[in-house]
Structures are given as C-alpha cells and as structure tokens.
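Below is one structure, written out as structure tokens, with a few remarks after it.
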Number of protein chains: 2
Amino acid sequence: MVGRPRSEESRRAILQAALRLCERDGYPNVTLKAIAAEAGTGRQTLYRWWNTKADVLLEAMTAVVAPGLPPSPPDLGSFLRETFALTDGVAGRVIVGLMAEAQSDPDLGERLRTRLIGPRRAALREVLERDSPSSHANLDLVVDMIFGAMWYRLLNRHASVDAVLAEEITELVRSLT
Amino acid sequence: MVGRPRSEESRRAILQAALRLCERDGYPNVTLKAIAAEAGTGRQTLYRWWNTKADVLLEAMTAVVAPGLPPSPPDLGSFLRETFALTDGVAGRVIVGLMAEAQSDPDLGERLRTRLIGPRRAALREVLERDSPSSHANLDLVVDMIFGAMWYRLLNRHASVDAVLAEEITELVRSLT
DNA sequence: CACTTTACAGGACACCATGTCTCGTTTTAG
DNA sequence: CTAAAACGAGACATGGTGTCCTGTAAAGTG
C-alpha cells in the first residue's frame with residue numbers, strides 16, 4: 001500500500017457539514033456542492049468516497065442511530081418511546097429524506113433496509129417476543145403495523161410521532177395477547 | 001370570455017402520456033419534457049395548466065383512484081383487498097412516487113392528503129365503525145396501523161401488498177373486538 | 001367580415017445540480 | 001529521491017427546469 005492515506009479530518013468534516021446543512025436547509029435542498037463548500041473540501045474528494053448525497057447522509061445517520069440499540073431490549077413502551085424520540089430533529093428529517101430518495105434509487109433502498117430499517121425491525125421483534133411470548137399473533141405483521149404507523153405519520157404528516165403514539169400502540173398491543 | 005378555449009384533447013393526451021411514461025420508465029425517470037414530447041404538445045401548454053410533473057400525475061391518479069370508492073363500504077376484508085389491488089401496477093408506482101416527492105414539496109403533500117390519502121382514511125374508518133361498532137379501540141390509531149403497514153411495505157419493499165396481507169390484517173383486527 | 005383575445009406547437013434561452021476531468025500540491029511507503 | 005494516491009480548486013459537458021418568443025389556430029365581439 002503506497003500513496004497518501006485518506007484524510008480522516010476531511011471525512012468527519014464532510015459528514016458533519018452534511019448533517020449541519022440538513023438541519024439548516026432540509027434534506028431535499030442539500031447539494032453535494034454545498035456539502036463540499038461547507039466542509040471546505042474539494043468536490044472530487046466527496047465523489048471519491050461516496051456516490052451520492054444519500055450515501056453521505058446514510059453513513060452520517062448510521063453513526064447517529066446505530067448506538068441507539070441497547071443489547072437487552074427494554075419493554076415495548078420504552079423501546080417505542082426511544083425509537084420515536086430518534087425521529088425528532090435532524091435524524092427524522094434525514095431518514096425521511098433517505099426513504100424518499102430510495103424510491104428512485106433501488107441500491108439506496110437495499111442499504112437502507114440492511115443498515116437501518118432491518119436492525120430496528122429485528123429489535124422490535126425481539127421486544128415483542130419477550131413481552132408477549134404466549135401470543136400466537138403474526139409477529140412480523142405486528143412489526144409492520146407498528147413501524148408502519150410510524151412511517152405513515154412521518155411521511156404523510158397527518159399526526160405526530162411522539163410518546164403519546166408509543167403509549168397508544170403499547171396499549172393496543174397489550175389487548176392482543 | 002373570449003379567446004381560444006382550452007384543448008380537452010391536449011389535456012387528455014398529456015394525462016395519458018404521463019401515465020404511459022410512468023409505466024414504461026418509472027415515475028422518478030419521467031420528465032416534463034418527455035411528457036410533452038410523448039403527448040405531442042408544446043411544453044408551454046404543460047406549464048400553463050400544471051406546475052410540476054407531480055401536479056400532472058396527481059390529476060391523472062385522481063381520475064383513476066377516485067371512482068374506486070363505493071358508496072356503501074363493504075366488509076373490512078373486501079375493502080382492504082380492493083385497496084391493495086389498486087397499489088398493483090402503474091397506480092402503485094405513481095402514488096409511491098408522489099409520496100416520495102411530497103417530502104420535498106409541502107404543497108404537494110397537502111394536496112395528496114386532501115385528495116387521495118384523506119378520503120381513503122375516512123373510508124377505512126367508516127368500514128371499521130360498521131364492522132366493529134362495539135370496539136372501544138382508538139379507531140384513528142387502527143387506521144394508521146393498517147394503512148401504515150401498507151405504506152411501509154410499499155416504500156421499504158420488504159414484503160408485498162396483496163390479498164394475503166389483507167387477510168392477515170382482517171384476522172388481527174377481528175381479535176381486537 | 002375584421003378585430004381582439006387566448007391557447008396552441010415548436011423552439012431558443014439562462015439557470016442549476018450532477019458527475020467527470022484536469023491541474024498543481026501534499027503526504028505516505030519503499 | 002521516487003512512485004503512488006489523496007488533496008483543494010476549478011473547468012467542462014450533460015440534462016432537466018422554467019421562462020420567453022414566434023407564428024398559427026380557434027373562439028368571442030363589433
């Protein structure tokens with residue numbers, strides 16, 4: 001291996017600049033040009049390590065969201081409250097933007113599923129299994145309906161995703177067992 | 001009122017061309033240029049009556065989806081089967097594209113809610129009220145979870161939206177009452 | 001029948017983000 | 001010292017957007 005090594009400083013500057021711009025202008029209005037300018041790097045440096053702005057934000061989000069998964073799952077209410085709290089602020093705007101962009105970029109959709117959505121689904125399933133082991137309900141369907149309600153509200157914006165929703169869902173799921 | 005009247009022929013040609021291109025190239029790859037070319041109209045004619053391609057497709061979809069609402073709601077299973085069947089083919093691709101684009105266009109989101117999503121929500125709520133009148137469950141929450149699961153699957157593409165899903169949801173909702 | 005008004009098809013135009021390329025410079029390993 | 005790879009900076013072609021202009025067509029009004 002020869003040659004100049006990748007600049008860790010530029011990498012961090014780019015990821016932070018991307019998040020900062022998403023917070024200020026909203027995900028859809030962020031451009032790769034602006035990210036490079038904000039981070040003080042050349043545009044080629046961006047294109048060398050990432051392909052699209054979605055790539056950059058996906059990596060930035062993984063760093064933000066990934067540690068949010070505790071090893072031993074708490075009860076359903078706590079899990080939902082914590083997950084829903086993540087959708088508040090920049091993280092929510094970014095992940096909604098990523099999901100929207102994934103509709104025109106199948107590769108991004110694939111990475112979104114494996115890196116962000118899939119792990120959360122698995123975690124919720126674990127919580128449900130532990131919380132109601134005797135239930136004969138279709139767990140995958142329950143997962144779809146819980147996270148479905150969350151995504152539906154995030155995208156359609158007809159209601160908020162907050163602790164109230166977490167509580168209502170928890171009550172409804174209890175009545176299933 | 002003077003002057004040449006709006007050409008109904010051009011209007012229909014544009015809406016049909018838009019749907020045809022969505023079917024052939026997918027919603028995200030359709031451009032206003034291509035719609036005008038496919039319809040054989042000038043681009044100014046497009047911009048005179050619509051602002052964006054989302055506007056065109058929203059009008060085209062309204063014509064397709066709106067008559068799908070029967071006056072007297074059937075049972076939950078039938079309603080879900082019919083609704084889910086609509087998401088198959090072009091209509092599904094278009095409405096998913098519209099929802100994705102609405103994330104970067106609040107005005108489009110507003111029209112999407114009032115013209116497509118809202119009426120469907122109201123219809124499902126009616127079906128649920130008639131189907132399980134004695135239930136004390138939070139009906140709006142149940143609506144969110146049912147259509148949430150549908151949208152979640154349409155957008156995240158981890159499972160299909162079909163008659164099987166309709167059946168599973170119907171069974172689960174029955175166990176709530 | 002003129003005359004006015006508006007829509008029409010077609011095309012030219014500036015604008016902006018994208019993605020590729022080039023330049024000269026900097027930092028590593030051998 | 002030399003080769004290799006990354007760096008900041010910026011030029012460039014491409015393609016979609018939205019506006020503007022041209023000449024023509026279709027309606028009403030006097």
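Letters go in sequence order (proteins before strands), and every chain restarts at 1. In what follows, every heavy atom counts, from backbone to side chain, and hydrogens, waters and symmetry copies are set aside. Being a predicted model, the structure only gives us computed values, none of them experimental.
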- Taking the six-membered ring of B:W50, is NZ or CZ of B:R6 closer than 6.0 Å to its centre and within 45° of its axis? yes
- Under 3.5 Å side-chain donor-acceptor pair for B:Q103 and A:Y27: no
- Where does DNA chain C pair, written as one dot-bracket string 5' to 3', with Watson-Crick or G-U pairs under 3.5 Å, ( ) inside the strand, [ ] for crossing pairs and | for another strand? ||||||||||||||||||||||||||||||
- Query: Hey, does the side chain of A:S10 come within less than 4.0 Å of D:dA6's phosphate (OP1/OP2), counting only N and O?
  - Reply: no
- Residue pair A:P5/B:P5 against DNA chain D: nearer the 5' end by closest nucleotide is A:P5
- Choose from D:dC7, D:dT19, C:dC8 the nucleotide whose nearest atom is closest to any side-chain atom of B:Y47. D:dT19
- Query: What is the nucleic acid contact for A:N29, judged by heavy atoms within less than 4.0 Å: base, sugar-phosphate only, or nothing?
  - Reply: nothing
- Query: Do the ring planes of A:F79 and A:F147 sit parallel (below 30°), tilted (30 to 60°) or perpendicular (above 60°)?
  - Reply: tilted
- Note on the structure: Between CZ of B:R11 and P of C:dC8 the distance, given in whole Å, is 12 Å
- Kindly indicate, with the supporting measurements, whether the criterion salt bridge (Lys or Arg N to Asp or Glu O under 4.0 Å) is fulfilled by A:E129 and A:R125. CA-CA 6 Å; A:E129 279 170 352; A:R125 213 195 130 100; 3.2 Å; yes
- Message: What is the separation between atom CG on B:L21 and atom C1' on D:dG16, rounded to the nearest whole Å?
- Response: 15 Å
- Would you call B:R130 and B:D75 a salt bridge, taking side-chain N to carboxylate O under 4.0 Å as the test? no
- Message: Across nucleotides 11-17 of chain C, 5' to 3', mark each nucleotide with B, S or - according to how protein heavy atoms within less than 4.0 Å reach it.
- Response: -B----S
- Message: Name the residue from B:R12, B:K53, B:R11 that meets the salt bridge (charged side-chain N to carboxylate O under 4.0 Å, His left out) definition with B:E59.
- Response: B:R11
- Note on the structure: Note: A:Y152 and B:D144 closest approach over all heavy atoms is CD2-O, 3.5 Å
- Between B:E171 and B:R174, does at least one N-O distance fall below 4.0 Å, as a salt bridge requires? no
- Item | B:T45 side chain near C:dA9 phosphate (N/O to OP1/OP2, under 4.0 Å) | yes
- Task: Report yes if at least one side-chain N or O of B:T41 is closer than 4.0 Å to OP1 or OP2 of C:dC8; otherwise report no.
- Result: no
- Query: For the pair made of CD in B:E38 and C1' in C:dA9, what is the distance, rounded to whole Å?
  - Reply: 16 Å
- When the distance from CH2 of B:W50 to C1' of C:dC8 is rounded to whole Å, what number comes out? 13 Å
- Item | Residues A:R93, A:E23: salt bridge by 4.0 Å N-O rule | no
- Send over the distance from B:E101 CD to D:dG16 P, rounded to a whole Å. 15 Å
- Message: Rounding to an integer number of Å, can you tell me how far B:L46 CG sits from D:dG16 P?
- Response: 15 Å
- Message: If I take atom CD1 in residue B:I14 and atom P in nucleotide C:dG10, what distance separates them, rounded to the nearest angstrom?
- Response: 12 Å
- Task: Round to the nearest Å and state the distance from B:R4 atom CZ to C:dA7 atom C1'.
- Result: 5 Å
